[in-house]
Amino acid sequence: AEVKRMYVHPEWRRRGYSTQLLIALEAWARELGVQRLLLETGLGQPEAIALYHKLGFTPIANDGPYVSLGNSLCMAKTLVG
């Protein structure tokens, strides 16, 4: 499954909402039998990259429509249990 379009309005940032949302999405994905989550972010999004690393996502080779986009970073997380 692919996580798309994560955005938090600036006035609501740094309150843990993105972390809570991703944890809930992971739980839902597990319930559906999803074994791996994928996402793409821009290299100019250091806060997003740090969040994804903190939650266990690791960089992978750019795939699909992101292959030729030099400013993209694709990441994945294997879901266990």
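These values consider heavy atoms only, across backbone and side chains, with no hydrogens, waters or symmetry-generated copies.
The line from CD of E2 to CG of L39 is 7.5 Å long, rounded to the nearest 0.5 Å.
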Enumerate, atom names and distances included, each donor-acceptor pair closer than 3.5 Å involving a side-chain atom of residues 56-64, sequence neighbours excluded.
from	atom 1	to	atom 2	distance (Å)
N62	OD1	C74	N	3.2
N62	ND2	Y66	O	3.3
N62	ND2	S72	O	3.1

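With hydrophobic clusters built from ILVMFWY side chains whose heavy atoms lie under 4.5 angstrom apart, L69 does not share a cluster with Y52. Linking ILVMFWY residues whenever their side-chain heavy atoms come closer than 4.5 Å, directly or via other members, leaves Y7 and W12 in distinct clusters. Hydrophobic clustering (side-chain heavy atoms under 4.5 Å, transitive across Ile, Leu, Val, Met, Phe, Trp, Tyr) groups V34 together with L25. Following chains of ILVMFWY side-chain contacts shorter than 4.5 Å, one can reach L73 starting from M6, so the two form part of one hydrophobic cluster.
Residues K54 and T19 come closest through the heavy atom pair NZ-OG1, 3.2 Å. Nearest heavy atoms, E11 versus R15: O-NH2, 3.2 Å. Counting all heavy atoms, side chain and backbone alike, V8 lies closest to R13 at O-NE, 2.6 Å. Here the closest non-hydrogen pair linking E26 and L37 is CG-CD1, 3.6 Å.
At distances below 3.5 Å, not a single donor-acceptor pair connects side-chain atoms of R36 with backbone N or O atoms of L79. Side-chain atoms of R14 do not come within 3.5 Å of backbone N or O of P10 as any donor-acceptor pair.
Side-chain atoms of I49 and T41, non-hydrogen and from C-beta on, do get closer than 4.5 Å to each other. Looking at heavy atoms from C-beta onward, L51 lies in side-chain contact with L22 at the 4.5 angstrom threshold. Inter-residue side-chain proximity for M75 and E40 is flagged as unmet; no heavy-atom pair is nearer than 4.5 Å.
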